[in-house]
Amino acid sequence: MAKMDGASDNPYLAHMAPHMRGASSNSNGTGKTNGGKSHPLEGIIPRKVRGEQARKLLDGDVNPFTNKPYSTQFKKILEARKKLPVYAQMDEFFQLFNNNQCVVMVGETGSGKTTQIPQFVAYSDLPHTKGKLIACTQPRRVAAMSVAKRVADEMDVQLGKEVGYSIRFEDMTEPGTTFLKYMTDGTPHTFRSPNLALMLAQRYSTIILDEAHERTLSTDILMGLLKEIAKKRKDLKIIVMSATLDALKFQRYFGTVLSDDGKLAPLLKVPGRTFPVETFYTQEPEPDYVEASIRTVLMIHQAEDPGDILLFLTGEEEIEDACRKIKLEADDLDPSTVGPLLVIPLYSSLPPAQQQRIFQPAPSPRTTGGPQGRKIVVSTNIAETSLTIDGIVYVVDPGFSKQKVYNPRIRVESLLVSPISKASAQQRAGRAGRTRPGKCFRLYTEKDFISQLEEQTHPEILRSNLANTVLQLVKLGVTDLVHFDYMDAPAPESIMRALEMLNYLTCLDDEGNLTPLGGMAAEFPLDPQLSKMLIVSPEFKCSNEILTIAAMLSVPNVYTRPPNMRKEADAAKALLAVPDGDHLSLLNVYNNYMQSMSLFQGRKQRIVTLAYSDEGDKNWLWNNFLNGRALAQAQNVRTQLQRTMERFDLELISSTDQRTFYVNIRKALTCGFFMQVAHKEGEKNNYLTVKDNQVVALHPSCGLDTQPEWVLFNEFVLTTRSYIRTVTEIRPEWLLEFAPTYYDVKTFPDGETKRSLLRILQKRQGRAMASVENGREKKRRRQQ
DNA sequence: GTAACATAC
């Protein structure tokens with residue numbers, strides 16, 4: 001609190017009228033504090049003139065945040081900022097912001113809302129907040145980081161001081177100094193505490209939710225929580241920012257914060273700054289959208305003016321395949337009339353260096369004065385929101401994307417190629433008009449666009465397994481999950497399934513209350529099954545190993561399988577495999593990776609001239625067909641999980657007994673994954689999942705050398721058929737021992753699974769009888 | 001006998 005100790009330390013007060021400084025010293029405990037309700041300055045600078053104050057501060061000569069004169073750079077950037085559409089509406093913004101607790105704001109691409117609105121709030125709040133923060137949430141890490149950097153520059157302060165960001169693994173803020181914080185919308189994890197409402201109101205003056213139209217699971221939950229808190233804490237301001245015209249839904253939702261009479265939250269609408277895009281539709285529906293895409297792209301290349309093309313497809317394989325075909329077809333074109341073509345794939349699993357290729361310029365003409373070259377980017381949805389490619393003039397939109405769907409009946413999440421929404425189609429088209437007027441070719445009919453496409457993509461909360469979300473909410477004290485104020489309520493069955501699972505895992509008791517174990521599980525950034533196995537792992541003397549396995553299951557696939565080297569890759573994988581289970585193989589891979597790292601570190605010190613990456617020994621990784629980025633990530637996640645374990649005093653321990661080493665790990669796995677178990681039925685690769693009775697097969701990537709009768713699995717994948725992936729053999733006795741409620745045989749339908757369980761029970765009883773007999777026998781002998 | 005749309009803690 002040193003900052004507040006004297007008027008001269010307060011950067012704002014130093015430039016303020018003397019009577020205001022007087023008020024400040026009052027606030028330091030020497031005088032009255034305005035009835036003890038709000039900050040004393042609240043009464044001195046009324047909300048309604050804070051806009052004027054902000055403008056004065058911006059146009060002044062001294063930076064009120066650092067007390068230093070503004071740099072020339074600041075003035076230069078300020079001139080550019082003043083040209084942003086949002087800047088012209090500053091007064092309107094303050095008008096709404098000062099008079100309302102919640103404001104909805106719609107600003108399309110190029111409006112400047114993400115950088116400017118939080119600054120408007122900062123300049124207006126500065127004298128009032130007394131250590132309180134302004135938070136601005138983003139759905140993506142890169143956005144949180146880059147916007148924070150930009151805003152720090154604009155405000156003439158150092159990133160990580162007055163303006164900072166907070167994302168997983170990286171907190172670039174300075175407590176006590178930072179007052180504007182950009183964060184990922186999963187990071188409000190830091191908001192989460194049993195007395196969330198209190199904490200939020202104490203630490204934050206304003207919360208700004210950006211990109212709310214994307215309706216990510218965490219944005220939706222955060223909106224529900226904020227709404228609840230805002231009803232109780234009138235001093236907390238909320239701004240919801242969206243890029244679509246779907247503002248009415250947000251206005252209605254937040255309108256009820258103030259009253260229940262159907263009032264709408266006020267709306268600030270800021271135009272975007274984009275160029276017009278002309279849209280074309282096909283006359284007839286296209287039977288094969290990939291083929292049609294390729295045809296369209298080549299047509300554009302031959303017939304349209306220079307300008308790069310962006311084609312949206314659904315996944316890695318489809319994209320690589322299309323790229324190959326486009327290149328082949330382009331080779332057949334007449335080089336004297338058609339320019340060279342640069343075809344670049346784009347999807348998230350590409351290494352960053354390869355992703356950077358999208359920024360390469362289009363190729364130059366083959367001969368001076370010859371036909372111009374063109375760049376074409378073939379991308380997943382990643383180019384719809386996350387990555388912006390300048391210079392795109394043509395967009396080809398077949399109208400599909402892969403979307404997550406959740407079936408609560410069989411508790412399975414899967415990816416399905418589905419038609420996109422109108423909003424998504426609009427967003428895609430907009431990508432053609434960022435630098436100049438563009439064209440968008442939709443590979444479906446206008447009639448289908450109007451009548452078949454949904455207005456908005458279904459929010460993620462309706463398409464997800466909610467086990468983790470429900471656990472988080474219960475931890476926050478939300479008791480009635482069905483009637484929680486969701487913007488779109490998930491199916492009651494999804495919530496029931498989540499509650500049921502948490503109860504079986506003993507994260508919740510039979511009344512739905514959080515258990516001590518559940519309280520701990522909620523603190524891990526993991527699904528509850530994984531948290532549970534981590535928490536119980538010390539009992540099986542294998543917490544070090546389970547930590548590794550949990551981390552490995554939380555990162556992308558570490559195995560690589562280049563199309564032309566499949567055999568070699570499979571052989572390499574087999575060398576590091578453990579026959580009892582894929583989970584154990586993952587542990588083995590990680591341990592070998594760590595060993596190679598330490599050898600490598602030693603070597604690196606001697607050979608300093610070679611360029612090495614942080615991911616480790618490129619040679620070792622390549623020879624073993626492993627993904628260094630994924631492994632490095634696993635190491636990072638493992639450290640984070642270990643810290644959480646230590647916070648709860650969960651012992652970090654490994655067994656030294658070779659005979660029970662793997663058995664204990666498998667037992668701990670069973671404690672978390674007993675609901676993801678399959679029983680072999682018949683001779684072939686034919687399994688039936690327990691209770692849900694889904695017919696599945698071991699995935700071909702499975703490293704088991706046999707087909708055991710009982711297995712647990714990490715994932716259910718639905719492709720050409722239903723597979724279970726990442727599989728480990730278990731003993732049915734463990735199921736009966738560690739999950740007796742779930743494996744209550746009475747609840748099982750007749751079938752092989754039940755008969756097998758019954759056999760175990762009989763054997764067990766027999767053994768119990770025998771051991772009783774045995775005990776009596778021993779006793780007799782001792783007595784003799 | 002085979003796949004990872006994106007994002008996040």
Side-chain angles (χ1 to χ4, degrees), chain A residues 137-144 166-171 183-192 211 214-222 312-321 346-350 355 379-387 400-405 413-418 420 424 427 457 460 463-464 468-469 471-472 475 521-528 530-531 550-551 554-563 566-567 569-570 573 627 629-630 633 636-637 640-641 643-644 684-685 697-703 715 717-726:
Chain A
T137 70
Q138 297 290 322
R140 279 168 290 279
R141 297 161 56 99
V142 260
S166 176
I167 58 177
R168 189 189 193 183
F169 302 130
E170 212 182 332
D171 187 7
M183 62 217 289
T184 38
D185 61 9
T187 320
H189 185 67
T190 46
F191 293 160
R192 293 172 196 163
E211 315 287 4
E214 290 189 20
R215 302 292 308 278
T216 65
L217 183 51
S218 36
T219 304
D220 270 22
I221 294 302
L222 198 54
F312 286 101
L313 290 177
T314 64
E316 172 176 348
E317 197 182 315
E318 197 177 87
I319 287 169
E320 292 291 356
D321 188 48
L346 177 64
Y347 41 88
S348 71
S349 61
L350 277 177
Q355 285 193 3
S379 171
T380 61
N381 253 2
I382 193 171
E384 195 180 301
T385 45
S386 310
L387 278 168
F400 293 96
S401 70
K402 274 193 193 173
Q403 288 166 32
K404 190 167 72 179
V405 284
E413 268 182 356
S414 45
L415 284 173
L416 269 185
V417 173
S418 327
I420 60 171
S424 184
Q427 174 75 16
T457 311
E460 200 184 5
R463 301 183 278 120
S464 305
N468 204 14
T469 306
L471 180 62
Q472 302 292 344
K475 173 124 200 199
E523 296 294 310
F524 286 94
L526 297 171
D527 277 338
L530 290 161
S531 310
S554 305
V555 300
N557 190 359
V558 296
Y559 301 105
T560 63
R561 202 163 181 255
R566 289 193 178 146
K567 269 195 174 156
D570 291 347
K573 186 176 174 185
N627 177 347
R629 268 194 311 148
Q633 207 182 325
N636 220 344
V637 171
Q640 194 197 14
L641 297 177
R643 272 194 224 115
T644 311
K684 294 193 304 284
N685 184 359
L698 300 184
H699 193 273
S701 67
C702 175
E715 296 178 276
V717 281
L718 187 66
T719 54
T720 46
R721 60 180 294 192
S722 297
Y723 288 107
I724 49 177
R725 190 159 55 190
T726 313

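Because the structure is predicted, anything quoted here is derived from the model rather than measured. Each chain gets a letter, A, B and so on, in the order its sequence line appears, and its residues count up from 1.
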**Prompt:** Are A:E214 and A:T385 side-chain neighbours, meaning at least one heavy-atom pair lies under 4.5 Å?
**Reply:** yes

**Residues in side-chain hydrogen bond (donor to acceptor under 3.5 Å, both in side chains) contact with A:N468, at least two apart in sequence or another chain** = none

**Request:** To the nearest Å, give me how far apart CG (A:L222) and C1' (B:dC9) are.
**Result:** 13 Å

**Request:** Can you sort out the partners of A:R463 under side chain to side chain contact (heavy atoms under 4.5 Å, CB included), two or more places apart, ordered by chain and number?
**Result:** A:Q403, A:K404, A:T457, A:H458, A:E460

**Item:** Base versus backbone protein contacts along nucleotides 1-7 of chain B [heavy-atom cut-off under 4.0 Å; B, S, -]
**Value:** BBBBBBS

**Request:** Please confirm whether the backbone N or O of A:T560 pairs with a side-chain atom of A:N627, one donor and one acceptor, at under 3.5 Å?
**Result:** no

**Complete:** Nearest heavy-atom contact between A:L471 and A:P528 is CD2-CB, 4.4 Å

